[in-house]
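Heavy atoms only: backbone and side chains are in, while hydrogens, waters and symmetry mates are out. Reminder, nothing fancy here: chain letters follow the sequence lines and each chain counts from 1.
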There are 2 protein chains.
Amino acid sequence: MSSSDTKQQILDAAEQLFGEEGFTSTSLRAITGAAGVNLAAVNYHFGSKSELAKAVISRHLVPLNQERLRRLDACEKNAKGTASLEEVVASFLGPALDLAREDKQTAGVTRLLGRIYSEQPPFIGELFADEFQDLVERFLHAIEACLPELDRSVVFWRMHFMVGSMAHTLCTNNLLTLFSSGHCSMQDIDEVTQQMVTFVAAGMRAPVISKVEGSR
Amino acid sequence: MSSSDTKQQILDAAEQLFGEEGFTSTSLRAITGAAGVNLAAVNYHFGSKSELAKAVISRHLVPLNQERLRRLDACEKNAKGTASLEEVVASFLGPALDLAREDKQTAGVTRLLGRIYSEQPPFIGELFADEFQDLVERFLHAIEACLPELDRSVVFWRMHFMVGSMAHTLCTNNLLTLFSSGHCSMQDIDEVTQQMVTFVAAGMRAPVISKVEGSR
DNA sequence: GCTTGATTCAATCGACCGTTTGAGACGATT
DNA sequence: AATCGTCTCAAACGGTCGATTGAATCAAGC
């Protein structure tokens with residue numbers, strides 16, 4: 001077994017188990033056991049459990065965010081300037097839901113990516129600074145271009161709600177299946193994407209309530 | 001120190017630490033240390049760490065869901081039948097955000113309640129069956145009454161997105177403050193509530209895209 | 001003042017944790 | 001054939017974990 005084989009086996013097993021049980025609840029012994037490699041291999045190849053977790057997340061998060069920007073570029077280019085709000089929202093949400101497509105049975109990556117927001121191991125902070133700063137700025141401007149009448153702070157809030165809808169769907173879709181007695185599931189990713197884009201775009205377009213009216 | 005004093009100290013400390021660090025990352029020694037009680041007191045008063053977690057969550061979740069239903073009843077009664085969509089949505093979101101009001105500095109309950117969806121300790125399953133089944137049904141019917149043209153499955157999805165926006169805001173609002181360079185924060189809960197209700201209600205009202213149009 | 005039940009306490013249990021070690025296996029290079 | 005990195009392995013390290021024990025403490029009832 002070559003070096004890279006072992007690294008891949010560890011990454012695959014860790015991704016699965018981190019997604020199922022969370023970061024702290026998953027032991028290196030469980031990971032190496034599932035991967036069929038020696039316990040010491042994690043520290044040899046990755047240095048520590050935290051570095052392994054970073055590697056697991058980056059492996060999918062970096063290409064995901066690249067694809068988001070690629071799709072945003074594409075639809076801005078098509079529109080020769082300002083893309084439609086639905087296209088912008090779909091550029092953000094679509095690639096994330098696409099990850100759930102191949103992942104339907106195991107739900108490893110899906111749950112993991114949905115969970116990175118609410119977990120807060122020490123390494124999460126730097127991850128956001130590295131991977132999300134540019135992304136947020138690009139999408140902020142794209143949405144502002146679609147909705148010029150909105151204050152920037154309102155756009156921030158609505159982007160926050162968009163991320164919440166996505167993250168919640170990625171990591172707790174089984175809950176919805178339970179409550180809906182099976183009527184709603186992640187079987188048809190295209191349908192989920194359409195539902196989410198429709199909801200979020202409409203929420204983004206909501207007229208702002210003036211402060212005077214809101215507080216009387 | 002009386003028996004109930006010790007129980008309260010433990011509940012308070014556990015709530016705070018579970019919210020900050022998560023369930024598995026928080027040790028009984030950290031909890032009893034912060035509470036100023038003996039380590040064995042947790043197992044004596046609650047039986048186990050899991051039972052303690054259930055008690056911590058129920059202490060706030062049960063009154064929260066009661067308040068939601070109380071507010072829903074109130075606005076349905078005022079409207080003599082069908083309440084407005086904004087009122088229904090506010091009945092669900094308002095009480096949750098109100099918890100963040102007293103909690104601004106410590107963020108114990110807030111983060112904890114936002115996290116119960118994405119964490120999945122073994123006891124979470126029964127918790128949903130016990131505490132959420134009725135609630136979901138009541139709000140489902142209230143929303144369906146406001147939006148009779150929507151399929152039930154669409155209403156389920158949109159309720160799911162509403163819960164996602166709320167949970168994400170409860171447990172990761174510091175992230176939004178970071179990205180928005182401090183322009184958005186949870187300082188003014190009334191404003192956050194209004195932002196969220198506006199967004200969610202507009203998302204709920206979105207016209208459904210017909211399947212034919214969506215797939216061509 | 002003694003008894004009784006409820007509570008607190010220090011000490012300890014076995015299990016599991018992440019990490020480290022040093023010896024061996026393997027393949028490529030000389 | 002000997003050498004040298006790269007990698008794997010069993011074993012062990014010191015610590016922390018949740019849970020339990022049995023003795024000490026306390027308050028209330030008689």
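- Counting to the nearest Å, the P atom of dG18(C) and the CG atom of L52(A) are 11 Å from each other.
- Residue R138(A) forms a side chain to side chain contact (heavy atoms under 4.5 Å, CB included) with just one option from E76(A), R68(A), Q133(A), and that option is E76(A).
- Atom CZ in F46(A) sits roughly 13 Å away from atom P in dT19(C) (whole-Å rounding).
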Listed pairs, N/O of protein and of nucleotides 14-17 of chain D, under 3.5 Å:
unit_1  : atom_1 : unit_2 : atom_2 : d
dC17(D) : OP1    : S27(B) : OG     : 3.1

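- For the pair N38(A) and dC7(D), the criterion of a side-chain N or O lying under 4.0 Å from OP1 or OP2 is not met.
- In this structure, NZ of K7(A) is placed 13 Å from P of dT6(D), rounded to the nearest angstrom.
- Here the C1' atom of nucleotide dG18(D) and the OH atom of Y44(B) are 19 Å apart, to the nearest Å.
- For the pair R101(B) and D98(B), the salt-bridge criterion is met [side-chain N within less than 4.0 Å of a carboxylate O].
- For the pair K49(B) and F23(B), the cation-pi criterion (under 6.0 Å, within 45° of the ring axis) is fulfilled.
- Taking a cutoff of 4.0 Å between a charged side-chain nitrogen and a carboxylate oxygen, D12(A) and R59(A) qualify as a salt bridge.
- To the nearest angstrom, P of dT19(C) lies 10 Å from CG of L39(A).
- The shortest distance between the side-chain N/O atoms of T6(A) and the OP1/OP2 oxygens of dT8(D) is below 4.0 Å.
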_Apply ring pair (Phe, Tyr, Trp, His ring centres under 6.0 Å) to residues H168(B) and F161(A) and explain how you reach the verdict._
CA-CA 7 Å; H168(B) 192 242; F161(A) 301 147; 9.0 Å; no

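- Within the nucleic acid shown, A40(B) comes within 4.0 Å of at least one base atom, counting heavy atoms only.
- In this structure, R158(B) and M162(B) have side chains that are not in contact, with every pair of non-hydrogen atoms separated by 4.5 Å or more.
- Between D5(B) atom CG and dA27(D) atom P the separation is 13 Å, expressed in whole Å.
- Rounded to a whole Å, the CD1 atom of I10(A) is 13 Å from the P atom of dG18(C).
- The side chain of H45(A) has dC7(D) as its nearest neighbour among dC9(C), dC7(D), dA10(D).
- Distance from the side chain of N43(B) is smallest for dA19(D) among the nucleotides dA19(D), dC9(C), dT20(C).
- Protein atom CG of L17(B) is 12 Å distant from nucleotide atom P of dG18(D), rounded to whole Å.
- Between E20(B) and R111(B) there is no salt bridge, since none of the side-chain N atoms of the basic residue sits less than 4.0 Å from a carboxylate O of the acidic one.
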